[in-house]
Amino acid sequence: MTDRTRAPIRILVADDEADVRDAYRQILLGGAAPGGLERMRDLQARLFPGSSAAAGASALAAPPAFDVVFCHDAESAIAAVRAALGANEPFAVAFLDMRMPPGPDGAWAAAGIRALDPAIEIAICTAYSDTDPAVIGRLVPPEEKLSYLQKPFHPHEVRQMAISLASKWRAEHRIVKLAYFDPLTGLPNRSQCASRLQSAVLASSRAGTPMAVLFLDLDHFKRVNDSLGHGVGDELLCLIAGRLRLTLRPGDSPEHAGAAASASAYVARLGGDEFVVILPELASADEAGVIASRLIDELQAPMQLARHSLVITPSIGIAVHPTDGTDADSLLRNADLAMYFAKRRGPGSYAYFDPQMNSAVRHRFAIEEKMRGALQRREFSIQYQPQFDVARGTVAGLEALLRWTNPELGVVSPVDFIPVAEETGLITELGEWVILTACRQAKAWRDQGLPPIRMAVNVSGQQFASREFPQRVAAIVAESGIDPATLELEITESVIMKDETWAQSALAQLKEIGVCLAIDDFGTGYSSLGRLRHFVVDRLKIDRSFVTNLIDCAEDRAIVMAILSMAKSLAIDVTAEGVENFPQLMFLQENACQEAQGFLFSRALPVADADALLRRAAETTDGSRTMRLRTLIG
């Protein structure tokens, strides 16, 4: 690439003589000198002895390929370098006159400039023979980035030195960029981020002021790559990087929240969809949350790319120095942990690090480690929670619930291990095992002469999303020999609403097999009640959150009554979850709710206890429904 087609070379010239600065201007930029042609010729004779007028004219007529800033003393040269770095327009080469009376000399300027910009190429220019380049090289290391130019010099010499040193600077700049910057987004990479974070920690320690690390991860980014392709994913990452840069610029006014911290904020890409923002010079730890909130608002605005409009939400974890860590590694690690907890709260949220997160994450990792192979080691079991027909006072069905007991961890709550199983993909294998085991148990009870009951099994979102799920259910029904009408699959409302087109197709295929279908946690998925007519379902399960406050909250009572009324008009059965006291049961009976389950009736039972309940139910046929329920509840 030629000088004509590439960006101009940024040059700094510092010399106390105006005539000399004009000479540099003519050599590097061309054009007429402010002092006129005669003055320029006289200057050529003093600076370039032995050069012909033609040679001088040729040099002065060189095509412009430089962007030159001129300074008259050492202090203004250092100020110019500082300003250039602040504007992200660094100089490639600095020509510094050795003696610039009455102020500091060129060696002093070189030392100050080198402290600001280690990459710049410096040329010391002098007409005095007592200047020793080796001495200056030791004062302004590294010596290989310091050149020496003896006055008087030829114009070609100045120009070629500028080009050669700039070419060297550009080559080194490209190498540094490859080593320390992300080639996709242009942001600093992990290595450069670590270096900058260490510097920020040291500065925070010296100043005694807080600084923060924000660890940012895009929610569900994998879906973009999987559905739209990696090209779109890369384009999205570039847009995210651009929005981060723009948002972290200083505010438009002093009143703008977080403006002070944004002025010196530093953003980097660690890899994948992970970004880090370093916030030095915070007034307080709370300011990091203000900036995190602003980042979330800006990033989740719709993005238009590749003919697709996307909405991406970030999860952000925050660690503050020195309370959350006194070194770069611990701050980054703790911000990552906080991001993980923010993601668990829900898309588009942020969380500050808390020491308790460490123990929670260690527990989570222990669960993940012990869960692998647990099914083969037969550590999982199924318990059965009865579902009661409150209108007749009988057992209507059982819900199969997965339980896990590990020799080292003990009894692990489903609240802890189910999310891990979903994140690791183990939930699909576990889900199929639950369906098969529950069907086999239901068939065994039927073979023992007990009355047929409904066996309800929860279906995970990953299971239901699989296009092979209906075929897997058909195979399990055939293998177990169960009457398909006695198997009820419970699918949460949010899973169904996630992909309504597939939901309609999958539910229709499952109905062809003959199984019953229930929408679990109904009322929490924000779906329109009118949409129900599009789904071939047999049952709605009112979420326990509505039943818990049924007696004290008029709004929850109204919601439950509306669900019951709507379900009746659509000929859909209803089961209320989480029934824990008799006032709740009486309200449900008075409003014609057919079935209920909860701790008022029974907790989940091991196989032997469930067997005993079913046999007791088969023998309890006399008395009122209340008497029968009391007998069954025990």
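Contact between Ala80 and Val69 at its shortest, heavy atoms only, is CB-CG1, 4.4 Å. The nearest pair of heavy atoms linking Ala301 to Arg243 is O-NH1, 2.8 Å. In this structure, Gly112 and Ile78 approach most closely via the heavy-atom pair CA-CD1, 3.9 Å. The two residues Ala338 and Met357 make their nearest non-hydrogen contact at CA-SD, 3.7 Å. For the residue pair Ser349 and Ile296, the shortest heavy atom distance occurs at C-CD1, 3.7 Å. What you find for Ser309 and Gln304 is that their closest heavy atoms are CB-OE1, 3.4 Å.
At a cut-off of 3.5 Å, with distance as the only test, no side-chain donor of Arg345 or Tyr350 sits close to an acceptor on the other residue. Judged purely by distance below 3.5 Å, without hydrogens or angles, the side chains of Asp219 and Ser315 pair a donor atom with an acceptor atom. Glu468 and Ser466 share a donor-acceptor pair across their side chains, judged by distance under 3.5 Å alone. Looking only at atom types and distance, the side chain of Glu379 has a donor-acceptor partner in the side chain of Trp404 under 3.5 Å away. Thr185 and Asp182 form a side-chain donor-acceptor contact under 3.5 Å, judged by distance and modelled atom types alone. Side-chain contact check for Asp521 and Thr492: no donor-acceptor pair (N or O, by modelled atom type) lies under 3.5 Å.
Taken to the nearest 0.5 Å, the CG atom of Asp16 stands 11.0 Å off from the CG atom of Asp105. Glu368 CD to Arg372 CZ: the interatomic distance, rounded to the nearest 0.5 Å, is 5.0 Å. If you take CZ on Arg170 and CD1 on Ile163, they are separated by 10.0 Å, rounding to the nearest 0.5 Å. In this structure, CD in Gln150 is found 9.5 Å from CD in Glu157, a value given to the nearest 0.5 Å. To the nearest 0.5 angstrom, Glu493 atom CD is 12.5 Å from Ile491 atom CD1. To the nearest 0.5 angstrom, Glu369 atom CD is 13.0 Å from Thr424 atom OG1.
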Walk me through whether Ile113 and Leu96 qualify under side-chain contact (heavy atoms from CB on, under 4.5 Å). CA-CA 10 Å; Ile113 289 172; Leu96 306 177; 4.1 Å; yes
Start with the C-alpha gap between Met211 and Leu331, add the side-chain angles, then the distance that decides, and say whether side-chain contact (heavy atoms from CB on, under 4.5 Å) holds. CA-CA 10 Å; Met211 57 83 56; Leu331 284 171; 4.0 Å; yes
Run Val224 and His230 through side-chain contact (heavy atoms from CB on, under 4.5 Å) and show every step you take. CA-CA 8 Å; Val224 176; His230 289 273; over 6 Å; no
Given Arg467 and Asp499, is the salt bridge (Lys or Arg N to Asp or Glu O under 4.0 Å) satisfied, shown in steps? CA-CA 12 Å; Arg467 274 26 183 186; Asp499 187 345; 3.6 Å; yes
Begin from the C-alpha positions of Arg114 and Lys145 and carry the test side-chain contact (heavy atoms from CB on, under 4.5 Å) through to its verdict. CA-CA 10 Å; Arg114 175 70 75 231; Lys145 295 188 75 63; 3.5 Å; yes
Give the C-alpha distance, both sets of side-chain angles, the deciding distance and a yes or no for salt bridge (Lys or Arg N to Asp or Glu O under 4.0 Å) between Asp15 and Lys151. CA-CA 13 Å; Asp15 197 296; Lys151 295 181 180 178; 3.2 Å; yes
Under the side-chain hydrogen bond (donor to acceptor under 3.5 Å, both in side chains) criterion, do Asp416 and Ser413 qualify, and how do the steps go? CA-CA 5 Å; Asp416 293 330; Ser413 169; 4.7 Å; no
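Side-chain contact between Phe380 and Val434: absent, with no pair of heavy atoms (C-beta onward) separated by less than 4.5 Å. The side-chain heavy atoms of Met371 and Leu426, taken from C-beta on, include a pair separated by under 4.5 Å. At a threshold of 4.5 Å between non-hydrogen side-chain atoms, the residues Leu28 and Ile9 do not count as touching. Between Phe275 and Asp217 the shortest side-chain heavy-atom distance does not fall below 4.5 Å. In this structure the side chain of Leu187 never reaches within 4.5 angstrom of the side chain of Phe181, judged on heavy atoms. Arg403 places none of its side-chain heavy atoms less than 4.5 Å from the side chain of Val411. Asp67 has its side chain out of reach of Ile11: every pair of non-hydrogen atoms, C-beta onward, lies at least 4.5 Å apart. Side-chain contact between Asp336 and Phe215 is present, with at least one heavy-atom pair separated by less than 4.5 Å.
Glu298 has no carboxylate O lying under 4.0 Å from a charged side-chain N of Arg294, or vice versa, which leaves the two without a salt bridge. Ion pairing between a basic and an acidic side chain is recognised when a charged N comes within 4.0 Å of a carboxylate O; Glu274 and Arg269 show no such pairing.
With Val267 as the fixed residue, the side-chain contact (heavy atoms from CB on, under 4.5 Å) test singles out one of Leu248, Leu216, Thr247: Leu248. Paired with Leu165 under the rule side-chain contact (heavy atoms from CB on, under 4.5 Å), one option of Ile122, Val93, Ile120 passes, and it is Val93. Put simply, the residue from Arg364, His363, Lys370 that forms a side-chain contact (heavy atoms from CB on, under 4.5 Å) with Ile367 is His363.
Between the Gln198 side chain and the Ser195 main chain, no donor and acceptor come within less than 3.5 Å of each other. Side-chain N or O atoms of Asn334 include one that pairs as donor or acceptor with a backbone N or O of Asp324 at under 3.5 Å. One N or O on the side chain of Ser76 and one on the backbone of Asp73 form a donor-acceptor pair closer than 3.5 Å. Arg10 contributes no side-chain N or O that, together with a main-chain N or O of Ala166, makes up a donor-acceptor pair within less than 3.5 Å. Not one N or O on the side chain of Tyr148 forms a donor-acceptor pair closer than 3.5 Å with the backbone of Thr126. Proximity of a side-chain donor or acceptor of Ser359 to a complementary backbone N or O of Gln356 within less than 3.5 Å is detected.
For CD of Glu144, the number of neighbouring non-hydrogen atoms (other residues, nucleotides, ligands) closer than 6.0 Å is greater than 12.
Taking the six-membered ring where the residue is Trp, the centroids of Tyr24 and Phe70 are separated by 6.0 Å or more.
Taking the six-membered ring for Trp and thresholds of 30 and 60 degrees, Phe469 and Phe464 have ring planes more than 60 degrees apart, a perpendicular arrangement.
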